[in-house]
K.L.:
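This is the structure I want to talk about, given as structure tokens.
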Amino acid sequence: MNQTWVLGQRALREAWRTPEAILPTLFIPLFFLVVNVGQAARIFPSASTDFLNGQSYGAFQLPASLLLAASFGTAALYLVEDIEGGYFDKLRAAPVSRAALVLGRLFAEFVKGVVIAVAIIALGMVFGIEIASGPLGFVLLVLLTALWAVVFVGLLQLIALKTRNAAATNSGSLIFFPLMFLTPNFVPRELLTRPMEIAATFNPVTYLMESQRSLILDDLDWGTIWPGFAVVLVVGAIMLAANVRLINHYD
Amino acid sequence: MSGAAVEAQGLVKTYKGRGGEVEAVKGVDLRIEPGEIFGFLGPNGAGKSTTVRMLTTLLTITRGSATVAGVDVARDPDQARRRMGVALQEAGLDPRQTGRELLVLQARLFGMGGGEAAERAGELLRLVELEDAADRLIKGYSGGMKRRLDLASALVHRPEVLFLDEPTTGLDPASRITVWEEVRRINELGTTVFLTTQYLEEADQLCGRLAIIDGGLIVREGTPESLKAELRERTGLSHDPTLDDVFLDATGRTRAKAEGAVSEVVA
Ligand SMILES: Nc1ncnc2c1ncn2[C@@H]1O[C@H](COP(=O)(O)OP(=O)(O)O)[C@@H](O)[C@H]1O
Ligand SMILES: [Mg+2]
């Protein structure tokens, strides 16, 4: 536990020292938020669009931004760097639980996820977005975003540990395309065309997005909120088990 | 307990890759006594790094067994890790930390508290003469500075046995001599040193005893003097053989062939 903390601090220091890698995870999602709202907001005026619950289209789009911010997975590339540069072997030569070697980075990812989520939501609030579910909802929204960031990086870490190759890990991060776009990201699921609706229903990220959207647009509506957390916890558990298994058999 | 600092019996490593299996180490036996500087000499691809990585718990052992400081490396890897230090062929350092941060982190991974770790880092920075660069990012260090920091990081926990895989490959002659001096100093403080090298002079200068490995097998073993004497006796050479001659004889290369394959260094 203590070792996870020490390794997590190092990963955070590394993130702090490479702002050029962090800033895009903040600005690209904000860019998409502005662009998407600019393109579609007039189709969905808040007064006459039921699914907006009286808020602006920006409020509806915010979850897509948060999820995008949480799906960069830069930390997995740092892991590849550690492996390629030999530093990972130095860490492995220490009497550290193998699990701590991967958990440290995931812990750092959680902290980064919290910071970025708070920053994006706060900016949204400056521009009039309200978190209808209140302070508890705000915390849940941040938590869900940060947990997804951990899960996503954890999945990429699997590729990093398996291939030990930056190009392969980079390619792996492209799974964010289907995960992010086969979702009801412009309109609610009921309004999607049939094939898209089927795809979205099978995409676990859909439930995250709907959970986040509910936290922004509705009172605490547990029926829609819990599936998002369930997705993160189930995929997260699989991701953790696979990471620990891989690192224990790392040769 | 054997009392040996390092002991290996029938060590074998088979890599499984796309092109089938490669037997990189084919049955290595070793016994190194506490206090020695032991040299593991061999051309590129002989199996030096593979052997070191097995002995240091970084690579699973396909067959055979090994103990370091009396601890079985496969059965009790964490205990073995506490008793040995490792500096690998590619100085594995994190460019985004400072030298001091890297040492403190390493010390903490070996169980020291914050204050103790900071103190130990300071001591080691003095030992390898990196105090001035201690708070700069490692990114900016020269090759020799990286080696010395790597050496220091292998020593944070005062290991009984220190493994150095080609500690001077790629260094300029002056840095090479500095590293040799560090290694001697560390050894004088009581640490057993196991070092691999492809430089004959390095083995001759530093090592009390050495083994020559070629194609995954140990082909000669002894003190530099005994190896030279043996060659002289066996071949009836008129001149005193050098370690070069022993190496070339052992690895079955002619001098001409060796020119491309084995780099030698005159410091
Ligand atoms: N990860 C690996 N996978 C497959 N073959 C390897 C691997 N590492 C080393 N080898 C092969 O094993 C042999 C010994 O390599 P190595 O131990 O690195 O030699 P040395 O350190 O003496 O130069 C070489 O033929 C090398 O190509
Ligand atoms: Mg090698």
Side-chain angles (χ1 to χ4, degrees), chain A residues 1-22 74-75 77-105 107-108 112 161-166 168 245-251, chain B residues 13-16 49-50 52-62 71 73 76-98 101-114 117 137-139 146 149-150 153-154 156-157 159 163 165:
Chain A
M1 206 57 233
N2 185 35
Q3 294 166 331
T4 302
W5 167 236
V6 170
L7 289 166
Q9 279 176 308
R10 177 239 162 185
L12 284 173
R13 197 155 60 207
E14 163 191 271
W16 183 250
R17 287 193 181 147
T18 43
E20 68 274 18
I22 293 279
T74 347
L77 286 176
Y78 289 138
L79 175 60
V80 177
E81 260 183 44
D82 279 354
I83 293 173
E84 285 179 337
Y87 188 58
F88 196 60
D89 283 333
K90 179 168 291 295
L91 298 177
R92 288 202 306 133
V96 179
S97 96
R98 304 296 92 176
L101 294 176
V102 288
L103 291 179
R105 283 196 171 278
F107 168 77
K112 272 193 284 178
L161 288 169
K162 193 83 197 163
T163 65
R164 303 169 196 189
N165 176 299
R245 213 187 119 76
L246 256 188
I247 186 80
N248 279 332
H249 293 90
Y250 189 96
D251 213 9
Chain B
K13 180 67 193 184
T14 310
Y15 289 112
K16 287 186 195 68
S49 295
T50 302
V52 167
R53 294 172 74 84
M54 282 193 283
L55 292 173
T56 54
T57 76
L58 295 174
L59 204 55
T60 53
I61 295 172
T62 307
V71 181
V73 298
D76 198 354
D78 268 348
Q79 198 50 39
R81 287 174 189 131
R82 279 179 224 286
R83 290 160 178 251
M84 63 171 124
V86 196
L88 292 171
Q89 192 169 342
E90 283 92 26
L93 302 168
D94 169 17
R96 293 189 194 86
Q97 292 183 77
T98 68
E101 284 167 348
L102 184 120
L103 292 178
V104 168
L105 171 61
Q106 201 67 15
R108 298 209 57 184
L109 293 180
F110 277 90
M112 291 178 211
L137 290 184
I138 293 165
K139 207 168 16 192
K146 284 184 185 158
L149 181 65
D150 199 25
S153 81
V156 284
H157 54 300
F163 289 89
D165 193 5

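Each chain gets a letter, A, B and so on, in the order the sequences are listed, and its residues count up from 1.
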K.L.:
Determine the minimum heavy-atom distance between B:L137 and A:R17, stating which atoms define it.
P.N.:
CD2-NH1, 3.6 Å
K.L.:
Could you point out which residue of B:D78, B:L109, B:T57 forms a side chain to side chain contact (heavy atoms under 4.5 Å, CB included) with A:P95?
P.N.:
B:D78
K.L.:
Any Lys/Arg nitrogen of B:R53 or A:D89 sitting under 4.0 Å from an Asp/Glu carboxylate oxygen of the other?
P.N.:
yes
K.L.:
Looking at B:R82, B:Q89, B:E101, which makes the most heavy-atom pairs under 4.5 Å with chain A?
P.N.:
B:E101
K.L.:
Quick check on the interface: out of A:H249, A:R10, A:Q3, A:Q9, who has the most heavy-atom pairs with chain B under 4.5 Å?
P.N.:
A:R10
K.L.:
For B:T60, give me all partners under side chain to side chain donor-acceptor pair (under 3.5 Å), at least two apart in sequence or on another chain.
P.N.:
A:D251, B:K13
K.L.:
Looking at CD of B:Q106 and OH of A:Y87, how far apart are the two atoms once the value is rounded to the nearest 0.5 Å?
P.N.:
6.0 Å
K.L.:
For B:R108 and A:N2, which heavy atoms make the closest approach, and how far apart are they?
P.N.:
NH2-OD1, 4.1 Å
K.L.:
Counting only heavy atoms closer than 4.5 Å, note whether B:L88 contacts chain A via side chain, backbone, both or neither.
P.N.:
side chain
K.L.:
Working to the nearest 0.5 Å, report the span between CG of B:L105 and NZ of A:K90.
P.N.:
10.5 Å
K.L.:
Answer yes or no: is there a donor N or O on one side and an acceptor on the other, between the side chain of B:R96 and the main chain of A:E14, under 3.5 Å?
P.N.:
no
K.L.:
Are there residues of residues 96-105 of chain A whose heavy atoms fall under 4.5 Å of chain B's heavy atoms? If so, which?
P.N.:
A:V96, A:R98
K.L.:
Examine whether an atom of A:Y78 lies under 4.5 Å from a heavy atom of chain B, and if so say whether it belongs to the side chain, the backbone or both; otherwise answer neither.
P.N.:
side chain
K.L.:
Does any heavy atom of chain B fall under 4.5 Å from the side chain of A:R92, the backbone, both, or neither of them?
P.N.:
both
K.L.:
Out of B:T56, B:V86, B:L102, B:D94, return the one with the most heavy atom pairs under 4.5 angstrom to chain A.
P.N.:
B:D94
